[in-house]
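Ligands are counted one by one from 1 in listed order, and the atoms in each one are counted from 1 as well. These values consider heavy atoms only, across backbone and side chains, with no hydrogens, waters or symmetry-generated copies.
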Amino acid sequence: MGRTAFGAHDAAFEAAKERLNTLKEEPDNNVKLQIYALFKQATKGPCNTPKPGAFDFVGRAKWQAWSGLGDISQDEAQKQYIDIINGLAGEESPAETEQAGEEASSYKEIKVTKENKVCSILLNRPAKKNAITWLMYNEIVQALDDASKDDSVTVAVITGAGDYYCSGNDLGNFMNIDPKDMPKMARDGKELLRRFVTAFIDFPKPLIGAVNGPAVGVSVTVLGLFDAVYATDKATFHTPFTELGQSAEGCSSYVFPKLMGNTKANEMLLFNKKLTAHEACERGLVTEVLPHDSFQKEVQTRVEYVAQLPPQSVREGKKLVRDQEREDLHKANEKECEVLEGRWLSEECVRAIMSFFTKKARL
Ligand SMILES: CCCCC/C=C/CC(=O)SCCNC(=O)CCNC(=O)[C@H](O)C(C)(C)COP(=O)(O)OP(=O)(O)OC[C@H]1O[C@@H](n2cnc3c(N)ncnc32)[C@H](O)[C@@H]1OP(=O)(O)O
């Protein structure tokens, strides 16, 4: 019987799937067969299909590779799958490279460091203002999943590399797609966004946003799911969803009206008002605005304080608060993702994204 939920390496497995598509060199046929077999074993369990006929050479080779794995567990197959792909990507496995709190080598578009009980997740595409690609969504989910399970971590922090915190969804995620593949792209996008936002709703430890510069789109909305948000006075907060023919996500249709009231939430989510850091603070989206020049140091002091608090007490406290609205947050996430799936297929959205790249090309 196939499983609907994956095992212990879920997020790393999803990231490895993405990474397979970005390999510069195609693996040789034997390795491809091995990857195929491990994928089948990881997602469906031991081979249970009839052996293909003698003239179906490809089908037989695949069948032999899969059935050759015998009954190794789905978790073990996931692990081997991840190891092979990380190996092909020219990387050692995270367990081998982890030293001095560094886990950077297992990630391509974020950088994760663990030090003094703090897991720092750096959005690391400064040349693209840290726009979030499909790979990066997966990597963030993986990093949050790792941080939640790692007993040496008591608090997680997300920040951006360079002058931006994040410019939101990478609009290239929706480009160069054959029209006939659009429905699949929208379905996959919906599923990925749902998993991404779920990772924030259910993150069990304190999660702190260190907004080092302008923030756009989904990077703004999920801040409503953080436990504290510190912003430099140079940060801005912009959710231009309707300009892009899209709609609210990140549970913002639920959280923003609660934080700031309907009309102020509408100003952001429907009418695209860009807030300054101080305005975002007045509206409850930001905990505290800090001077840009001493931002890192000031945030560090606050994070270090949280990191040394009794971790179980903090976790229980967070759970009490989150449980008050956890179900509603999951419902809001489901609904928002469903609506967005339809939006991504709309002419309004396709035109807006084309227009962003056309304007860029003209400059
Ligand atoms: C799984 C899917 C889930 C989807 C979830 C949905 C989320 C919704 C959103 O997040 S909506 C928000 C989307 N983001 C935007 O609309 C921002 C678009 N970018 C801009 O408007 C501007 O780039 C800017 C205001 C962020 C920065 O402007 P500036 O002039 O300072 O810099 P550049 O425009 O020259 O940017 C530098 C390079 O970065 C590229 N880039 C920036 N943001 C994005 C982006 N979101 N997507 C793709 N690329 C982006 C930009 O194209 C430049 O690249 P280049 O140097 O190669 O030209």
Side-chain angles (χ1 to χ4, degrees), residues 11 14-15 17-18 21 109 123-142 160-177 181-200 211-225 234-253 256 268-275 332-346 348-363:
E14 288 303 311
K17 265 168 53 184
E18 293 283 332
N21 297 323
E109 296 185 341
L123 310 176
N124 200 17
R125 297 181 73 221
K128 299 286 178 184
K129 311 291 184 194
N130 303 320
I132 311 178
T133 61
W134 290 63
L135 175 63
M136 203 163 162
Y137 284 107
N138 276 299
E139 291 193 341
I140 294 168
V141 172
Q142 182 183 347
D163 58 344
Y164 255 67
Y165 173 67
C166 175
S167 61
N169 185 48
D170 189 309
L171 297 173
N173 290 337
F174 298 128
M175 286 295 285
N176 302 324
I177 294 167
D181 296 330
M182 289 289 281
K184 180 174 181 326
M185 177 284 297
R187 252 193 333 274
D188 291 350
K190 172 178 83 168
E191 181 50 27
L192 179 55
L193 180 63
R194 197 189 57 74
R195 281 199 309 115
F196 178 74
V197 176
T198 298
F200 286 88
V211 184
N212 54 297
V216 187
V218 65
S219 75
V220 174
T221 54
V222 291
L223 290 174
L225 300 169
K234 290 198 176 161
T236 51
F237 298 81
H238 193 201
T239 49
F241 298 133
T242 56
E243 276 171 13
L244 291 166
Q246 300 190 31
S247 51
E249 28 63 350
C251 295
S252 56
S253 61
F256 280 23
M268 289 188 77
L269 300 176
L270 303 184
F271 309 135
N272 311 310
K273 182 179 165 81
K274 189 195 283 186
L275 302 189
N333 184 24
E334 291 289 341
K335 184 75 200 161
E336 289 173 348
C337 291
E338 248 170 54
V339 174
L340 259 177
E341 181 184 12
R343 287 281 86 219
W344 290 328
L345 297 174
S346 72
E348 286 176 347
C349 178
V350 174
R351 270 214 208 110
I353 290 168
M354 297 285 286
S355 143
F356 172 74
F357 285 105
T358 315
K359 264 191 228 144
K360 289 265 134 209
R362 272 200 227 107
L363 290 176

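- Atoms CD1 and CD, from Ile353 and Gln246 in turn, are 5.0 Å apart once rounded to the nearest 0.5 Å.
- Aromatic ring pairs are classed by plane angle as parallel below 30°, tilted from 30° to 60° and perpendicular above 60°; the pair Phe174 and Trp344 is tilted.
- Taking every non-hydrogen atom of Tyr164 and a distance limit under 4.0 Å, the qualifying atoms of ligand 1 come out as 24 (C), 25 (C), 26 (C), 27 (C).
- Which parts of ligand 1 touch Ala131 is read off a 4.0 Å heavy-atom cut-off, strictly below it: atoms 44 (C), 45 (C), 46 (N), 47 (N).
- Residues satisfying the salt bridge (Lys or Arg N to Asp or Glu O under 4.0 Å) test with Glu348, not counting sequence neighbours, are Arg343.
- With sequence neighbours left out, Glu18 forms a salt bridge (Lys or Arg N to Asp or Glu O under 4.0 Å) with no residue at all.
- The ligand atoms of ligand 1 that sit less than 4.0 angstrom from a heavy atom of Gln246 are 8 (C).
- Checking only distances, Leu171 does come within under 3.5 Å of ligand 1, N or O to N or O.
- Taking every heavy atom of Val218 and a limit of under 4.0 angstrom, the matching atoms of ligand 1 come to 7 (C), 9 (C), 10 (O).
- The contact set between ligand 1 and Leu244, taken as ligand atoms under 4.0 Å from a residue heavy atom, comprises 11 (S), 12 (C), 13 (C), 16 (O).
- Listed for the Glu14 side chain is no donor-acceptor partner under 3.5 Å among the backbone atoms of Gln142.
- Heavy atoms of other residues, nucleotides or ligands lying less than 6.0 angstrom from CE of Met354 number 12 at most.
- Of all the atoms in ligand 1, the ones that sit under 4.0 Å from a non-hydrogen atom of Gly168 are 10 (O).
- Among Ser167, Ser247, Ala186, the residue whose heavy atom lies closest to atom 14 (N) of ligand 1 is Ser167.
- The shortest separation from a heavy atom of Asn173 to ligand 1 is not under 4.0 Å, leaving the residue out of contact.
- At a 3.5 angstrom cut-off on N or O pairs, Tyr137 does not count as close to ligand 1.
- The shortest side-chain heavy-atom distance between Lys234 and Asn212 does not fall under the 4.5 Å cut-off.
- Between Glu249 and Asn169, every side-chain heavy-atom pair lies at or beyond the 4.5 Å cut-off.
- Using a non-hydrogen distance threshold of 4.0 Å, Ala127 registers as a contact of ligand 1.
- Evaluated by nearest non-hydrogen atom to atom 41 (N) of ligand 1, the leading choice among Lys128, Glu191, Arg125 is Lys128.
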